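Given the structure is predicted, the values throughout are model-derived calculations rather than measurements.
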Amino acid sequence: MEIIGEGSIGDKAKQLEIKTRIIDKLGFNQSKRVVLAQGFLDSILKNNDLANHLSAFESHPNFNDWTEFGEIKKRLYECKFSDSQSRTLNQIVKKFSGKPLAVRSSASGDSRGTGVYDSKFTDCDTSYLKRAILEVMASYFTRNALDFRRDANCEEGLAVIVEPIIGQWHQTSDFWIKKLFGPVISGFGYTSTPRDANGFISMIQGLGGGVDYPYRKKITPIVLEEHRGKLNELVKNQSPWHYGFNSKLEEGSRKHVSSGLLLSDNIKRLVDTLDLNEMFKKMGLLEEACGKPQYFEWALTSGECKPEYWITQISDVEVVRDMYNFSGIGNVLIEGNEAVGTGKLGSTRIAYCRSMDSLPALRKFNRANENYILVFSGFLTSDWRSMSYGHYGNANVLLEAHSSIHNHGDSLAHFGGRTQLTGKLFGCVDHKATNMARIFSNSAKDNISIVEGTYTTIGSEYQNRVVVLDNRMRN
């Protein structure tokens, strides 16, 4: 890892720096990367007379207005790079010799895969790299990011990681997009959780399998055993789309293409023969070497003679055990599972948001309320238009209501580490145990159903249970 500039390099880069030897020793691959430290980014602002440093930019008297009307992006995108900065970026482009680039944030609290800040995929070209850096910087100043840092008590500071995208070119059957660049699969995982002692992984075909990707299935050793450990059995049950980078795509973004990828013979053999049990063995060794459970983002590529596993992000995970006794608890209003977070929280309102059309009203409600319970339809996390932190940041409990026609697997993927870092409890509503129609009858306001009361939510990851108690009810 090469670091350019003074000051903070952020948690994402720091965790990778600290654990590089462990990752290498266990046989994982890593990209060569360059980190533009905060001092480098501060100099961009200073040279363009915007501020002396990042935090000072937030103190500008017009900052709040800029946030609302997109002026921050406009001002940052107009920034010019000095001759010295341009030479530095030219050297980075030369270093990576034409490979497509990933330009990623590294800030306090973002090593857990929060999805709060932007990552950009771009051609290995200095002008494109400059634009991508400014886009990542702009994401640091969005209202969602500002609210997240406040709620998670994150320190100020941002760095930018520049590294080659992991993978290779794949031929496609798409008429317009002949090829895509990316790994065979990518995803994230936990080496262990209170509920899954042997951890789990999540994956998609191709590039972009981070925590904010909504379509995926949680894979545990039990699921793997059901599919005989084979990657090809699991791929058959994944989305038919494959994601990758192509410079012809708008802003170098991801793109849906036909499932008819024209895979090379090497990759066909890899998909047909790979046993993912090897990945879980490596995960156990990774946790043992680091001394505590790990969150990680990973990718798989096809080497000349064997599969290659890559680690692209890693972070310690603090585990909370509990001794909650749910037997005879009594006055349960809502019950759920797929619990994320352990603890007990109080609320005085429950809001139920059912449709995309209600998102503007939900954002307005969120600004005016705090420490409420948000129940939301799974449809609101089903695509790239899904809820952002600004829609739910002031809630302290999030409950996803799956339907019979919408269940996209691991709901944790919709929020990444944002729930844990901001102290929220999360779960999926158990419809068999919860009468939603009775709770929210005749309570609609601005397309959102709201009920008032005094509620206590208890969450237990270890017991995989979330319950909302109505304190007005009597056993």
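- The pair K292-E318 meets the salt-bridge criterion, with a side-chain N (NZ, NE, NH1 or NH2) lying under 4.0 Å from an Asp/Glu carboxylate O.
- Within the 4.5 Å cutoff, side-chain heavy atoms of E308 are placed close to those of W310.
- Looking at S377, its side chain never comes within 3.5 Å of a backbone N or O of S355 through a donor-acceptor pair.
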Can you list the steps and then say if Q38 with S8 is a side chain to side chain donor-acceptor pair (under 3.5 Å)?
CA-CA 5 Å; Q38 181 173 336; S8 172; 4.7 Å; no
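- Separation of the Y372 and F365 ring centroids falls under the 6.0 Å cut-off.
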Worked check of salt bridge (Lys or Arg N to Asp or Glu O under 4.0 Å) between E335 and R465:
CA-CA 8 Å; E335 186 159 354; R465 193 173 181 190; 2.9 Å; yes
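- A salt bridge does not link E155 to R149: none of the charged side-chain nitrogens sits closer than 4.0 Å to a carboxylate oxygen.
- Donor-acceptor pairing under 3.5 Å is lacking for the side chains of W298 and T312.
- Judged by distance alone, the side chains of N371 and T348 never bring a donor and an acceptor atom under 3.5 Å apart.
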Does the pair F280 and I201 meet the rule for a side chain to side chain contact (heavy atoms under 4.5 Å, CB included), with working shown?
CA-CA 9 Å; F280 281 91; I201 58 175; 4.0 Å; yes
For the pair N198 and T220, evaluate side chain to side chain contact (heavy atoms under 4.5 Å, CB included) and give the outcome as yes or no after the intermediate values.
CA-CA 8 Å; N198 295 311; T220 65; over 6 Å; no
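- Residues S105 and D110 have side chains that bring a donor and an acceptor to within less than 3.5 angstrom of each other.
- Remark: the backbone N or O of A13 is paired with a side-chain donor or acceptor of S106 at under 3.5 angstrom.
- Contact of the I311 side chain with the E297 side chain is not registered, since no non-hydrogen atoms from C-beta on lie closer than 4.5 Å.
- Judged by distance alone, the side chain of Y140 and the main-chain N or O of G157 form a donor-acceptor pair under 3.5 Å.
- A donor-acceptor pair under 3.5 Å is absent between the side-chain atoms of N464 and the main chain of N337, judged by distance alone.
- Cation-pi contact between R143 and Y389: absent, since separation from the ring centre below 6.0 Å together with deviation from the ring axis within 45° is not met.
- When side chains are defined from C-beta on, L286 counts as touching I314, because their heavy atoms get closer than 4.5 Å.
- S31 places no side-chain N or O within 3.5 Å of a backbone atom of R33 that could act as its donor or acceptor partner.
- Between G199 and P221, the closest heavy-atom pair is O-CD, 3.7 Å.
- The residues K19 and D24 are annotated as not salt-bridged, no charged nitrogen and carboxylate oxygen being separated by less than 4.0 angstrom.
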Given the rule in the side chain to side chain contact (heavy atoms under 4.5 Å, CB included) test, do V34 and E163 qualify, once you have shown the distances and angles that lead to the verdict?
CA-CA 6 Å; V34 174; E163 60 190 17; over 6 Å; no
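- I350 places none of its side-chain heavy atoms less than 4.5 Å from the side chain of I450.
- For the 3.5 Å distance criterion, the side chains of R354 and S449 qualify, holding a donor opposite an acceptor.
- The neighbour count for Y324 OH, taken as heavy atoms of other residues, nucleotides or ligands under 6.0 Å away, is above 12.
- Separating the CD1 atom in I23 from the NZ atom in K282 is a distance of 11.5 Å, to the nearest 0.5 Å.
- Using a 4.5 Å heavy-atom cutoff, the side chains of E400 and E338 are not in contact.
- Side-chain atoms of N144 come within 3.5 Å of backbone atoms of G390 as a donor-acceptor pair (strictly under, hydrogens ignored).
- Of the inter-residue distances, the one linking F40 atom CZ with E6 atom CD reads 13.0 Å to the nearest 0.5 angstrom.
- Using a 4.0 Å cut-off between a side-chain N of Lys or Arg and a carboxylate O of Asp or Glu, E278 and K281 do not qualify as a salt bridge.
- Counted by atom type alone, T456 and N471 present one or more donor-acceptor pairs between their side chains at under 3.5 Å.
- Expressed to the nearest 0.5 Å, how far OG1 of T454 lies from CG of D470 amounts to 8.0 Å.
- Between F200 and Y190, a ring centre-to-centre spacing shorter than 6.0 Å is recorded.
- Side-chain atoms of D151 do not come within 3.5 Å of backbone N or O of T422 as any donor-acceptor pair.
- For the pair E452 and R349, the salt-bridge criterion is met [side-chain N within less than 4.0 Å of a carboxylate O].
- Between the side chain of T193 and the backbone N or O of D196, at least one donor-acceptor pair lies under 3.5 Å.
- Looking at heavy atoms from C-beta onward, I373 lies in side-chain contact with V468 at the 4.5 angstrom threshold.
- Taking both residues in full, the closest heavy atoms of A339 and S460 are given as CB-O, 3.5 Å, listed atom of the first, atom of the second, then distance.
- Contact of the V103 side chain with the I161 side chain is not registered, since no non-hydrogen atoms from C-beta on lie closer than 4.5 Å.
- Expressed to the nearest 0.5 Å, how far SG of C353 lies from OH of Y392 amounts to 13.5 Å.
- The heavy-atom pair separating S358 from I448 by the smallest distance is O-CD1, 4.3 Å.
- Minimum heavy-atom separation, G5 to A37: O-CB, 3.6 Å.
- V35 has its side chain out of reach of V160: every pair of non-hydrogen atoms, C-beta onward, lies at least 4.5 Å apart.
- If you check the side chains of R104 and Q313, you find a donor sitting under 3.5 Å from an acceptor.
- Defined by atom type and a distance below 3.5 Å, a donor-acceptor pair is missing between the side-chain atoms of S139 and T142.
- The structure places OG1 of T191 at 12.5 Å from OH of Y295, a figure rounded to the nearest 0.5 Å.
- Pairing each heavy atom of A107 with each of Y117, the nearest pair is CB-CE1, 3.8 Å.
- N396 places no side-chain N or O within 3.5 Å of a backbone atom of K424 that could act as its donor or acceptor partner.
- Of all heavy-atom pairs between F181 and G167, the closest is CZ-O, 3.3 Å.
- Residues T342 and E461 bring no donor and acceptor atom of their side chains to less than 3.5 Å of each other.
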Apply side chain to side chain contact (heavy atoms under 4.5 Å, CB included) to residues V467 and L469 and explain how you reach the verdict.
CA-CA 6 Å; V467 296; L469 308 179; 4.1 Å; yes
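- Rounding to the nearest 0.5 Å gives a distance of 10.5 Å between CE of M279 and CD1 of I219.
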